[in-house]
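Everything below concerns the one structure shown next.
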Amino acid sequence: MTGRRGGPRAAPGLELLLLLLLLPPLPGPVGAVEPISLGLALAGAAASALTGFISYPRLYCYFRECCLQRHDPNREGALQENLDRKLFGQHLVSKVIVKAVKGFLNNENAKKPLALSLHGWTGTGKNFVSKIIAESIYKNGLKSKYVHQFVATLHFPHAQDINTYKDQLQSWIRGNVSICPRSIFIFDEMDKMHAGLIDSIKPFLDYYELLDGVSYRKAIFIFLSNAGAEKITELALDFWRNGRTREDIELTDIQNALSVSVFNNKNSGFWHSTLIDKNLIDYFVPFLPLEYKHVKMCVRVEIQSRGYSVDEDILTRIADEMTYFPREERIYSDKGCKTVDAKLDYYYDF
């Protein structure tokens with residue numbers, strides 16, 4: 001229940017318990033109360049309060065993490081704000097992610113889970129964006145018990161065990177979605193995953209209302225991969241050489257070519273995948289290679305996040321030490337912003 005003003009009210013039993021604990025002692029002599037009677041009275045009040053507390057889900061979820069059944073509109077602004085403040089040089093990513101996630105969470109009748117596939121070179125922000133998405137839905141972000149991460153080289157290392165991995169993966173997803181329909185699954189290093197393994201989750205991403213009594217339509221699947229980065233760089237270079245800015249690139253310029261490139265990449269976990277063939281990936285999100293100016297932005301934000309004033313000389317030196325490609329033009333950082341943190345440790349006495 002919500003009062004006319006303010007937040008949710010405490011359960012009546014809880015109010016009673018708080019009143020008992022906060023009342024001042026009565027003046028003058030009073031009749032003695034047996035300790036056991038007082039204990040039983042307080043225990044009864046506490047039990048009543050606890051029952052009322054649990055019966056108010058919003059109040060309970062204020063103290064304990066709950067599976068998100070309804071989207072909190074207040075978090076929509078946080079998603080956009082974090083992308084604007086902390087993600088550099090990725091105008092396509094910001095636009096697609098905000099629209100896709102916001103639209104999906106506000107759709108009470110989604111026909112399938114949301115499936116996002118993030119592609120680009122190392123250090124361009126793929127892991128960072130998956131973290132921001134998780135934080136926009138669950139306060140604990142990647143540490144939430146409803147957010148599940150898989151790293152191909154860690155969780156699925158051996159090609160000979162692929163059938164075992166398929167069974168385990170299906171069981172893990174089925175079990176967690178049964179507990180929380182709004183579960184988030186993040187698959188990192190898709191370019192290193194054994195081909196065919198990811199197809200085992202195809203039924204969960206399809207347009208089924210129920211599978212064995214479980215609905216997967218509120219779940220979110222995020223795939224991270226370096227596959228397709230060459231195609232993205234090729235497009236960005238074409239724009240640069242033709243005197244056009246990276247901001248002129250539209251999603252329609254790259255998305256189809258990116259999906260075809262990933263589908264035909266034999267070194268990708270998506271090689272000839274039914275997830276692509278059956279159009280079950282909702283968005284292929286391209287992360288453009290980062291330029292010198294974006295590296296400097298990363299350095300500046302990292303210094304500020306550590307609580308230190310920015311030394312422009314050190315900032316420039318760190319950006320200059322990065323290696324850039326192609327060899328002649330030296331436009332893009334080959335590691336993005338990935339090594340910025342380590343370089344700051346060298347220059348600053350933290």
Side-chain angles (χ1 to χ4, degrees), residues 65 67-68 97 100-101 104 112-138 140-206 211 214 216-229 262-263 265-276 278 280-285 287 338:
E65 184 180 46
C67 174
L68 183 65
I97 292 298
V101 174
F104 179 72
K112 65 178 292 296
L114 177 63
L116 304 171
S117 194
L118 315 185
H119 297 266
W121 293 118
T122 296
T124 52
K126 300 185 299 296
N127 282 284
F128 180 66
V129 168
S130 65
K131 175 177 178 288
I132 290 178
I133 294 173
E135 290 173 348
S136 74
I137 298 173
Y138 291 112
N140 293 335
L142 296 179
K143 296 180 180 179
S144 168
K145 60 185 176 182
Y146 305 121
V147 178
H148 314 281
Q149 293 179 280
F150 301 92
V151 179
T153 53
L154 175 64
H155 296 104
F156 317 113
H158 307 298
Q160 66 270 24
D161 295 328
I162 188 170
N163 289 327
T164 300
Y165 297 149
K166 288 180 178 180
D167 292 339
Q168 292 174 340
L169 192 52
Q170 287 185 338
S171 296
W172 184 260
I173 292 175
R174 185 184 303 111
N176 282 286
V177 174
S178 297
I179 295 171
C180 176
R182 189 69 85 196
S183 291
I184 302 174
F185 301 94
I186 302 171
F187 294 85
D188 198 0
E189 297 184 348
M190 281 298 301
D191 49 302
K192 297 180 178 66
M193 182 177 285
H194 305 296
L197 172 56
I198 202 64
D199 286 349
S200 65
I201 72 170
K202 184 259 181 187
F204 306 135
L205 270 68
D206 217 326
L211 282 175
V214 179
Y216 296 85
R217 292 181 169 183
K218 289 186 177 181
I220 297 176
F221 293 81
I222 304 173
F223 306 96
L224 315 181
S225 178
N226 289 354
V262 173
F263 183 77
N265 188 334
K266 291 185 177 181
N267 296 318
S268 167
F270 277 131
W271 183 62
H272 288 185
S273 171
T274 57
L275 301 189
I276 298 178
K278 299 300 181 182
L280 297 179
I281 303 296
D282 299 298
Y283 296 94
F284 288 87
V285 186
F287 283 67
K338 191 165 188 176

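By convention here, the first residue in the shown sequence is residue 1. Note that the structure is a prediction, hence the values are computed from the model and not measured.
- Side-chain contact between Lys126 and Val285 is absent, with no heavy-atom pair separated by less than 4.5 Å.
- Across all non-hydrogen atoms, the minimal contact from Val214 to Ser178 is CG2-OG, 3.5 Å.
- Under the 4.5 Å side-chain criterion, counting only non-hydrogen atoms from C-beta, Ile137 is in contact with Ile220.
- Atom CG of Leu205 sits about 8.0 Å away from atom CD1 of Ile173, to the nearest 0.5 Å.
- Under a 3.5 Å cut-off, the side chain of Lys112 and the backbone N or O of Leu280 do form a donor-acceptor pair.
- Under the 30°/60° scheme for interplanar angles, the aromatic rings of Phe150 and His155 are found to stand perpendicular.
- To the nearest 0.5 Å, the span separating NZ on Lys143 from CD on Gln149 amounts to 11.5 Å.
- The six-membered or imidazole ring of Phe263 lies near that of His272, with a centre-to-centre distance under 6.0 Å.
- The shortest non-hydrogen separation linking Ser130 to Leu224 is OG-CD1, 4.1 Å.
- Proximity of Ile133 to Leu116: side-chain heavy atoms (C-beta onward) are separated by under 4.5 Å at one or more points.
- Side chains of Tyr138 and Ile184 form a contact here, defined as non-hydrogen atoms less than 4.5 Å apart.
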Quiz item: Could you walk me through whether Ile281 and Phe223 pass the side-chain contact (heavy atoms from CB on, under 4.5 Å) check?
Solution: CA-CA 9 Å; Ile281 303 296; Phe223 306 96; 3.8 Å; yes
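- Between Lys145 and His148 the shortest heavy-atom distance is O-CE1, 3.1 Å.
- When each of Ile222, Leu197, Val151, Ile198 is paired with Phe187, the side-chain contact (heavy atoms from CB on, under 4.5 Å) condition holds for Ile198 and for no other.
- For Ser171 (side chain) and Asp167 (main-chain N/O), a donor-acceptor pair under 3.5 Å exists by modelled atom type.
- Between His119 and Val262, the shortest heavy-atom distance links the atoms CE1-CG2, 3.4 Å.
- When all heavy atoms are compared, the tightest approach of Ala195 to Ser268 is CB-O, 4.4 Å.
- Pro113 approaches Asp282 most closely through the heavy-atom pair O-OD2, 3.4 Å.
- With Lys278 contributing its side chain and Ser273 its backbone, the two residues share no donor-acceptor pair below 3.5 Å.
- The line from CD of Glu65 to SG of Cys180 is 8.5 Å long, rounded to the nearest 0.5 Å.
- Here the CG atom belonging to Asn176 is positioned 10.0 Å from the OH atom belonging to Tyr146, to the nearest 0.5 angstrom.
- Inter-residue side-chain proximity for Ile97 and Leu118 is flagged as met; some heavy-atom pair is nearer than 4.5 Å.
- Without hydrogens or angle criteria, Arg182 side chain to Cys67 main chain gives no donor-acceptor distance under 3.5 Å.
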Self-check item: Candidate pair Phe221 and Phe204, rule ring pair (Phe, Tyr, Trp, His ring centres under 6.0 Å), full reasoning
Solution: CA-CA 10 Å; Phe221 293 81; Phe204 306 135; 7.5 Å; no
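- The backbone N or O of His158 sits less than 3.5 Å from a side-chain atom of Tyr165, completing a donor-acceptor pair.
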Exercise. Please test Leu275 against Asp199 for side-chain contact (heavy atoms from CB on, under 4.5 Å), starting from the C-alpha separation and ending with a verdict.
Key: CA-CA 7 Å; Leu275 301 189; Asp199 286 349; 4.2 Å; yes
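- Atom-to-atom distance recorded for Asn127:CG and Glu189:CD is 9.0 Å, nearest 0.5 angstrom.
- Atoms OG1 and NZ, on Thr124 and Lys338 in that order, are 10.0 Å from each other to the nearest 0.5 Å.
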